Amino acid sequence: MTTAAHNNRLPLTALFGVLLGAAIMVAPLVWTLLLSLKSNSELMRDSSAAFSAPYTLENYRAILVGSDVPRWLLNSIIVSLGTTAAVLMLCSLAGYGFARLDFPFRRTLFVFVLLGLAIPEQAVILPRHQLFATLGWHNSYPGLILPGLAAPFGVFFMTQYFRAIPKDLDEAAMLDGASRLDVFWRILLPLTLPAQATLGVFTFLGSWNDYWWPLISATTSDKYTLTVGLAAAQMNYAQTSGLGFLMAQAVFASIPILIVYIIFQKQIVQAMAGAAVR
Amino acid sequence: MMERRVSGMVFVLPFIGLYCFLLILPFVMGLWISFHRADLFGSRHWVGLDNYVRLFADPVFYQAMGTTFTLAVLIVPALTLITLLLALALNRASRSAAIFRGLFFSSSVLSVTIVTLIWRFVLTPDSGLIAKLLTAMGIEPLPFLSDPNLTVPALAITTIWWGLGLPMMLFLAGLQQIPQDMYEAASLDGANRWTTFFRITLPSLRRTTILVIMLQTAAQLQIFGQAQLLTQGGPSGSSRPIVLYIYEVAFGRWELGYAIAAAEVLLLLILALMLAQYWLSTRGEEVQR
């Protein structure tokens, strides 16, 4: 089993187990896809109809014209991209500062940031809701983006990355008369692109899939993210327009993130494992 | 000179400012509010430890704690074992292994609302996939989302399906770090597959296993969306985990101070878990040396 390097063939029982597992992973997805391709009235009589033709794209058309789903998609894109861009900027600046510059209380501040890693969402989300309510920030894009910016893991991650870059590089540039901002912007930042990609994809995914905060902060349908909108759709399922339409929403909402996953598979796996080990 | 040194701070200040405002301030506010009878609309009245005293006399809180621990006990060992086996099977360089790894990880990138939407119509007894399969085999469909004995296992199954990816990848990373010459030496000594597994592979995965168990336990203590969406915590609270309890107290009963007190208790549990992980993994190293 473990002598993979010597014996590259999987024992038959293991192969069977993997195939069974794969079937259990795939079956709910296929079921969802089939349901989404059926007319609602046919499913109303019996959902077994999903196993046989005729199939239709009617539910997807209904999503694109005259439903709130495209609006939620747009909100999700704005919030996730906004969060990602801001986190990359803040964490790169702070990572460079902590790794390369000397200023009073540098070590203390760094430890102060690391302490944030030990504070789970649950311990801050309700008071933060209260704080944002006082400031009138709910149901707005900044209200949805800001909480994602307090990302101590990102600062830790970028600081480690900057530290690993040889110091001779910036010293040589400084001798040539480059300013500190030049060194950061033109020399070091381009070298951190792989780290930016990893942190960026990780932040994007977390923001895209976040549920707890947008659920309590975005309470009007026009500010729902896709995640919250889909929650509302399934809560109101009994009154709305049918199973096929609902499942088409699930498929529709999965497509963007699955595309991101297929493109950035390596970064996503690296980032999630990295955040876990830290 | 001093001036230049202070100016270095400019790079970290934007982050530090937001961090204080969005994480540290709410954290301190939370501790403060938990000593008040406070509602969602800002009225506050100092009550000292009263919220905590009430909490530890509240049978619904104990029920939620119990449900949370049951979920963790159902999910964590199963998830650890399944992902360890998957990692062992898929730790090879072939193309098909890479495809399977990608497949088992893919569910982790979906949001909780998509996962519950999918699983609702797998589990539901009238139109769900499992019901269809059982009926085809002549078995009565199971009411997964309404029978108090089945709701918690249903949440566990959904969560395992959703969460396989990360622990599998952690185990794979752990397997990659085992030096190959250990296996070569073992095979020279004529060790069989099982001896090799129990003497080399499993001990080498000790740290990874502790990490997986602790991460998963911490995640399951905070389980929320699945329960809120699939079962609404019901029937009669039998599937209501602690975070859903906090949510309901805050946004259903508007008792903010009381809800935050419950959140602080959860925070202590999670911190204890982190310390346990640290202690377990460092102690192990001393023993090995």
Side-chain angles (χ1 to χ4, degrees), chain A residues 1-5 8 10 14 17-18 21-22 25 27-28 31-32 35 47-48 90 93-94 96-98 101-104 109 113 116 118-120 122-124 126-128 130-131 146-147 149-150 155 205 209 211-212 216 227 230-231 234 243 250 253-254 257 261 265 268-269 272-273 276, chain B residues 5-6 8-9 11-12 14-16 18-19 22-23 26-27 29-30 33 86 88-89 91-92 100 102-104 106-107 109-114 117-122 127 129 132 166 169-170 173 180 183 193 196-197 201 215 222 224-225 229 243 250 256 259-260 263 266-267 270-271 274:
Chain A
M1 205 185 291
T2 52
T3 47
N8 216 14
L10 207 53
V18 168
M25 288 307 285
W31 174 243
T32 304
L35 286 173
S47 63
S48 304
L90 290 164
L93 285 171
Y96 173 70
F98 281 125
L101 305 175
D102 191 26
F103 50 85
L109 278 176
V113 170
I119 303 179
Q122 270 68 35
V124 294
L126 296 178
R128 189 198 281 147
Q130 188 79 354
L131 184 63
L146 278 169
L149 307 189
V155 172
L205 202 66
N209 286 341
Y211 178 55
W212 221 143
I216 58 179
T227 311
L230 245 56
Q234 60 187 299
L243 183 52
S254 312
I257 205 66
Y261 171 57
Q265 193 172 353
I268 290 178
V269 171
M272 287 177 81
Chain B
R5 289 188 55 196
V6 173
M9 251 183 177
F11 283 86
V12 302
F15 176 81
I16 297 283
L18 282 168
Y19 172 75
L22 295 164
L23 201 75
F27 180 67
M29 271 175 78
I33 298 175
L86 279 176
L88 289 169
N91 181 34
R92 54 202 70 230
F100 278 119
L103 173 69
F104 284 109
S106 62
S107 60
V109 303
L110 300 177
S111 70
V112 66
T113 46
I114 296 175
L117 203 43
I118 292 171
W119 275 84
R120 175 187 303 263
F121 295 101
V122 171
S127 53
L129 178 62
K132 296 293 169 208
L166 179 60
M169 289 301 176
L170 292 175
Q180 276 304 317
Y183 290 119
R193 180 175 277 172
T196 318
F197 177 69
T201 312
L215 279 177
Q222 302 180 66
F224 170 58
L229 292 160
V243 177
L256 190 66
I260 293 177
L266 179 61
L267 166 75
I270 295 169
L271 287 182
M274 284 174 156

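Heavy-atom basis, side chains included; hydrogens, waters and symmetry copies ignored. Computed from a prediction, not measured in an experiment: that's the story for all the values here. Numbered from 1 within each chain, the chains take letters A, B, ... in sequence-line order.
If you tally non-hydrogen atom pairs under 4.5 Å between each of Ser47(A), Pro147(A), Gly97(A) and chain B, the highest count goes to Ser47(A). Taking Val122(B), Ile118(B), Ile270(B) one by one and counting their heavy-atom pairs under 4.5 Å with chain A, the maximum is reached by Ile118(B). For chain B, the option among Val113(A), Ile257(A), Leu109(A) with the highest count of heavy-atom pairs below 4.5 Å is Val113(A). Of the listed residues (Leu86(B), Leu256(B), Ile33(B)), the one with the most heavy-atom contacts under 4.5 Å to chain A is Leu256(B). Put simply, of Leu149(A), Leu230(A), Leu126(A), the one with the most heavy-atom pairs under 4.5 Å next to chain B is Leu126(A). Listed options Ala250(A), Pro28(A), Ala123(A) were ranked by heavy-atom pairs under 4.5 angstrom with chain B; first place goes to Pro28(A). Counting heavy-atom pairs closer than 4.5 Å to chain A, the top residue among Leu267(B), Val109(B), Leu266(B), Leu18(B) is Val109(B).
Residue contact with chain B, scored on non-hydrogen atoms closer than 4.5 Å, involves the side chain of Tyr261(A) exclusively. Residue Ala259(B) touches chain A through both its backbone and its side chain, counting heavy-atom pairs closer than 4.5 Å. When heavy atoms are compared at a cutoff of 4.5 Å, Phe224(B) approaches chain A solely by way of its side chain, counted from C-beta outward. The part of Phe100(B) that comes within reach of chain A is its side chain, from C-beta onward, which places non-hydrogen atoms under 4.5 angstrom from that chain. Of the two parts of Gln122(A), the backbone and the side chain both hold a non-hydrogen atom closer than 4.5 Å to a non-hydrogen atom of chain B. For Leu146(A), the parts lying under 4.5 angstrom from a heavy atom of chain B are both the backbone and the side chain. Leu166(B) touches chain A through its side chain: at least one heavy atom from C-beta onward sits under 4.5 Å away, while N, CA, C and O do not. Heavy atoms closer than 4.5 Å to chain B are found in the side chain of Leu101(A), but not in its backbone. For chain B, the nearby part of Val155(A) is the side chain; its heavy atoms alone come within less than 4.5 Å. When heavy atoms are compared at a cutoff of 4.5 Å, Thr32(A) approaches chain B solely by way of its side chain, counted from C-beta outward. At a 4.5 Å heavy-atom cutoff, the contact between Leu129(B) and chain A is made by backbone and side-chain atoms alike.
For the residue pair Leu271(B) and Ala118(A), the shortest heavy atom distance occurs at CD2-O, 3.4 Å. Residue Leu90(A) comes nearest to Pro14(B) through the heavy atom pair CD2-CB, 3.7 Å, listed as atom of the first residue, atom of the second, then distance. Heavy-atom minimum distance, Gln222(B) versus Pro120(A): OE1-CB, 3.9 Å. The two residues Leu22(B) and Ala150(A) have their closest heavy-atom pair at CB-CB, 3.9 Å.
Atoms OG and CD1, from Ser107(B) and Ile114(B) in turn, are 11.5 Å apart once rounded to the nearest 0.5 Å. The structure places CZ of Phe121(B) at 6.5 Å from CG of Leu117(B), a figure rounded to the nearest 0.5 Å.
Between Phe103(A) and Phe98(A), the ring planes lie tilted relative to each other; the angle falls in the 30° to 60° range.
A 4.5 Å side-chain heavy-atom check between Ile216(A) and Trp212(A) finds at least one atom pair inside the cut-off. Looking at Phe104(B) and Val18(A), their side chains come closer than 4.5 Å, going by heavy atoms from C-beta outward. Looking at heavy atoms from C-beta onward, Val124(A) lies out of side-chain contact with Met29(B) at the 4.5 angstrom threshold.
Annotation: side chain to side chain contact (heavy atoms under 4.5 Å, CB included) contacts of Ala231(A) (sequence neighbours excluded): Tyr211(A), Thr113(B), Leu229(B).
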